[in-house]
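Notes for the one structure printed next.
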Amino acid sequence: MTGLSIKHVVIAGGGTAGWMTAAALSKLLGSNIKVTLIESDAIATVGVGEATIPPIKNFHKLLGINEQEVMRATRATFKLGISFENWGQVNDKYIHSFGATGKECWAGEFHHFWLHGKSKGHTDEFGEYCFELQAAKQNKFAITNDTPINYAYHLDATLYAKFLRGFSEKLGTKRIEGKISKVDKCPNTGNISAIQLESGETVEADLFIDCTGFRGLLIEQALHTGYDDWSHWLPCDSAVAVQTESVSEPLPYTRSIAHDGGWQWKIPLQHRIGNGLVFCSKYLDDDAAKTLLLNNIEGKTITEPRVIKFKTGRRRKGWNKNCIAIGLSSGFIEPLESTSIHLIMTAIVRLLRLFPYNGVTTSAIDEYNSKLTSELNAVRDFIILHYNVNQRNDSEFWQHCRNMEVPESLAHKIRLFKETGRVFLDDGDIFRVDSWTQVMLGQGLMPMQYHHIADIMSDDELKKFMGSLKQSIDISVNNLPSHQDFINQYCKSNID
């Protein structure tokens with residue numbers, strides 16, 4: 001598309017997306033690339049994406065960021081999964097953990113052996129064969145060489161952006177404070193050529209990263225990229241968020257509690273709790289949502305409840321001309337499985353791998369957008385699964401979700417699991433077979449059959465096999481310290 005080499009990258013917008021991008025570009029692309037970030041102190045960031053999934057650790061390793069340092073700075077706690085309450089039916093509860101369940105063989109995953117045992121009268125729950133899940137239930141955690149553990153973080157998103165800002169500026173990122181008033185485009189190519197600020201300053205660059213949030217100042221308002229609306233599959237369109245004081249030791253998992261018109265999150269940090277209610281405005285108005293949330297929190301409120309409006313979906317192109325949208329400007333699926341920060345990270349890594357040093361090319365844009373589409377569709381399907389596979393008859397919202405038409409890619413996965421017990425991942429899947437299985441079984445979707453490779457074990461062999469796995473997990477969990485005790489000795493924040 002252009003033969004102009006890329007020497008200067010401008011990131012429009014700060015927050016988590018902007019500063020994660022700045023940190024990666026300034027650290028990994030060296031001194032050949034000039035990085036400038038424009039943000040306004042007068043524009044608040046959404047700042048509620050405080051739960052992550054395990055690959056965030058790889059991002060920190062890539063940048064050489066010390067885990068204990070970033071956890072102290074962001075007052076972080078450890079996360080072993082998500083507790084889903086009232087999702088299958090009211091008073092049901094299961095945990096989608098980050099761990100592998102049991103042991104698999106070449107022909108079938110562990111859940112086939114568990115299903116075989118269930119047919120023989122075994123009563124142990126599926127989650128009893130997952131180390132991380134059992135550690136979460138007992139509020140325990142440790143990082144040891146003896147027993148590997150798969151985990152992520154709960155962190156303060158505002159403090160995380162602040163930490164990455166300091167990291168980036170030490171590496172040469174220039175920050176310009178100011179509001180964007182106009183985006184200039186080349187009349188011949190339609191590429192973005194410069195950003196004008198209200199102060200009168202003009203900032204020119206070769207490549208632009210749009211981290212302006214839902215507004216999409218560059219990718220949408222300037223380039224008119226278009227938006228695919230997914231609200232017919234993901235009907236929640238609002239959230240109300242509030243922070244509260246901690247009243248107990250932090251749990252090593254996020255809580256997701258289903259209500260009549262949506263669901264509530266509880267994210268425990270070292271110094272406070274992040275609370276929110278995601279809801280559908282067709283079934284619950286803003287005032288009712290605020291009241292519902294405030295009636296279901298613990299501890300004194302630190303902030304005023306804040307309502308956030310959104311439309312689930314995605315920008316039709318994540319990379320359009322010489323602009324890449326990262327974060328909320330590229331679209332928004334749902335905070336349900338804590339994928340927002342992960343999608344920022346994968347967008348950054350994808351851009352780094354395709355970075356157009358010698359000029360933007362159509363092939364690089366097409367590859368980026370193709371991989372992004374595959375990834376977003378897979379995440380979308382996984383989130384829709386939670387809503388669609390429910391047996392609740394107590395509210396119109398949940399009945400709608402159960403009866404709505406879902407993407408054929410997801411419908412096939414559900415049918416395949418129900419009829420055969422099999423799960424096969426798509427190319428863009430960021431969640432493993434264990435995740436799909438834990439959610440489907442957790443919400444009451446029980447397969448009609450299992451892979452008969454499980455029949456190779458006699459009843460006695462199966463009993464010993466399952467018993468040995470469970471015993472090993474029980475011993476390992478018993479040897480762990482409490483989550484709070486490990487935080488105290490590993491990453492306790494000294495910030496008041």
Side-chain angles (χ1 to χ4, degrees), residues 44 46-51 82-96 154 156-157 214 230-248 250-251 253-269 272-312 328 332-340 383-404 439 442-443:
V46 173
V48 295
E50 300 186 321
I82 303 172
S83 172
F84 286 96
E85 303 166 31
N86 303 329
W87 280 81
Q89 297 185 47
V90 175
N91 296 323
D92 276 0
K93 183 177 179 180
Y94 73 94
I95 292 179
H96 166 213
H154 302 119
D156 186 312
F214 292 127
W230 286 346
S231 57
H232 53 299
W233 292 320
L234 294 165
C236 290
D237 56 9
S238 309
V240 55
V242 69
Q243 298 171 7
T244 57
E245 294 178 350
S246 298
V247 295
S248 59
L251 299 169
Y253 55 87
T254 304
R255 290 182 67 193
S256 172
I257 307 156
H259 291 293
D260 284 356
W263 63 275
Q264 177 185 352
W265 76 74
K266 288 189 177 184
I267 299 174
L269 306 183
R272 64 167 173 80
I273 303 292
N275 306 273
L277 183 75
V278 176
F279 63 98
C280 178
S281 61
K282 292 178 181 178
Y283 299 93
L284 203 64
D285 63 36
D286 292 357
D287 289 338
K290 285 182 185 179
T291 300
L292 179 60
L293 177 61
L294 293 174
N295 287 341
N296 285 279
I297 56 175
E298 300 172 291
K300 183 180 177 182
T301 58
I302 300 171
T303 59
E304 288 296 316
R306 178 165 60 108
V307 176
I308 303 159
K309 295 294 181 179
F310 57 84
K311 180 186 289 185
T312 52
L328 297 176
F332 186 68
I333 299 178
E334 255 262 21
L336 185 61
E337 282 281 357
S338 313
T339 56
S340 292
I383 302 303
I384 297 171
L385 170 73
H386 297 65
Y387 286 99
N388 185 235
V389 182
N390 80 81
Q391 290 87 46
R392 292 185 55 157
N393 290 310
D394 59 301
S395 77
E396 289 184 53
F397 172 75
W398 291 105
Q399 290 174 34
H400 164 75
C401 291
R402 184 172 65 252
N403 295 317
M404 68 183 176
V439 172
Q443 295 195 193

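Since the structure is predicted, the reported quantities are computational estimates derived from the model, not experimental observations. Heads up: numbering here begins at 1 and tracks the sequence.
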I'd like to know whether Tyr94 forms a side chain to side chain contact (heavy atoms under 4.5 Å, CB included) with Val439, so could you lay out the CA-CA distance, the side-chain angles of the two residues, the decisive distance to 0.1 Å, and finally the verdict. CA-CA 8 Å; Tyr94 73 94; Val439 172; 3.5 Å; yes
With side-chain hydrogen bond (donor to acceptor under 3.5 Å, both in side chains) as the test, would you mind laying out the steps for Asn393 and Arg402 before giving the verdict? CA-CA 10 Å; Asn393 290 310; Arg402 184 172 65 252; 2.7 Å; yes
Evaluate side chain to side chain contact (heavy atoms under 4.5 Å, CB included) for Ile297 paired with Gln264, printing each intermediate quantity in order. CA-CA 10 Å; Ile297 56 175; Gln264 177 185 352; 4.1 Å; yes
Dump the intermediate steps for side chain to side chain contact (heavy atoms under 4.5 Å, CB included) on Gln243 and Leu269, then the final yes or no. CA-CA 10 Å; Gln243 298 171 7; Leu269 306 183; over 6 Å; no
Please lay out, stage by stage, how Ile308 and Phe214 fare under the test side chain to side chain contact (heavy atoms under 4.5 Å, CB included). CA-CA 11 Å; Ile308 303 159; Phe214 292 127; 4.1 Å; yes
Residue pair Ser256, Trp87: steps toward the side-chain hydrogen bond (donor to acceptor under 3.5 Å, both in side chains) verdict: CA-CA 9 Å; Ser256 172; Trp87 280 81; 3.3 Å; yes
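The CG atom of Leu293 sits 10.5 Å away from atom CG of Leu284, with the distance rounded to the nearest 0.5 Å. Within the model, atoms NE2 of His259 and CZ of Phe397 stand 12.0 Å from one another, a figure rounded to the nearest 0.5 Å. To the nearest 0.5 angstrom, Ile267 atom CD1 is 8.5 Å from Ile82 atom CD1. Atoms NZ and CD, from Lys93 and Glu85 in turn, are 5.0 Å apart once rounded to the nearest 0.5 Å. Between the NE2 atom in His154 and the OG atom in Ser338 there is a gap of 7.0 Å [rounded to 0.5 Å]. Considering CD of Gln399 and CG of Asn403, their distance stands at 7.5 Å, rounded to 0.5 Å.
Put simply, the side chain of Leu336 reaches to within 4.5 Å of the side chain of Phe84, judged on heavy atoms. Counting only heavy atoms from C-beta outward, the side chains of Phe310 and Ser231 never approach each other to under 4.5 Å. Here the side chains of Lys311 and Asp237 are not in contact, with every heavy-atom distance at 4.5 Å or above. When side chains are defined from C-beta on, Asp286 does not count as touching Val240, because their heavy atoms never get closer than 4.5 Å. Residues Val278 and Trp265 meet the side-chain proximity criterion, which asks for heavy atoms closer than 4.5 Å. Between His232 and Met404, the closest side-chain pair of non-hydrogen atoms is not below 4.5 Å. Contact annotation: the side chain of Thr244 never approaches that of Glu298 to less than 4.5 Å [non-hydrogen atoms, C-beta and beyond]. Within the 4.5 Å cutoff, the side chain of Ile333 has heavy atoms near those of the Leu234 side chain.
Shown here is Lys300, whose NZ atom has no more than 12 heavy atoms of other residues, nucleotides or ligands within 6.0 Å. Within 6.0 Å of the CD atom in Gln391, the count of heavy atoms belonging to other residues, nucleotides or ligands exceeds 12.
Between Tyr387 and the choices His400, Gln443, Glu334, the side-chain hydrogen bond (donor to acceptor under 3.5 Å, both in side chains) rule is met once, by Glu334.
For Asp285, there are no salt bridge (Lys or Arg N to Asp or Glu O under 4.0 Å) partners two or more places apart in sequence or in a different chain.
Using a 4.0 Å cut-off between charged nitrogen and carboxylate oxygen, Asp156 and Arg272 count as a salt-bridge pair.
Using a distance-only test at 3.5 Å, with no hydrogens or angles considered, a donor-acceptor pair links the side chain of Asn86 to the main chain of Asn91.
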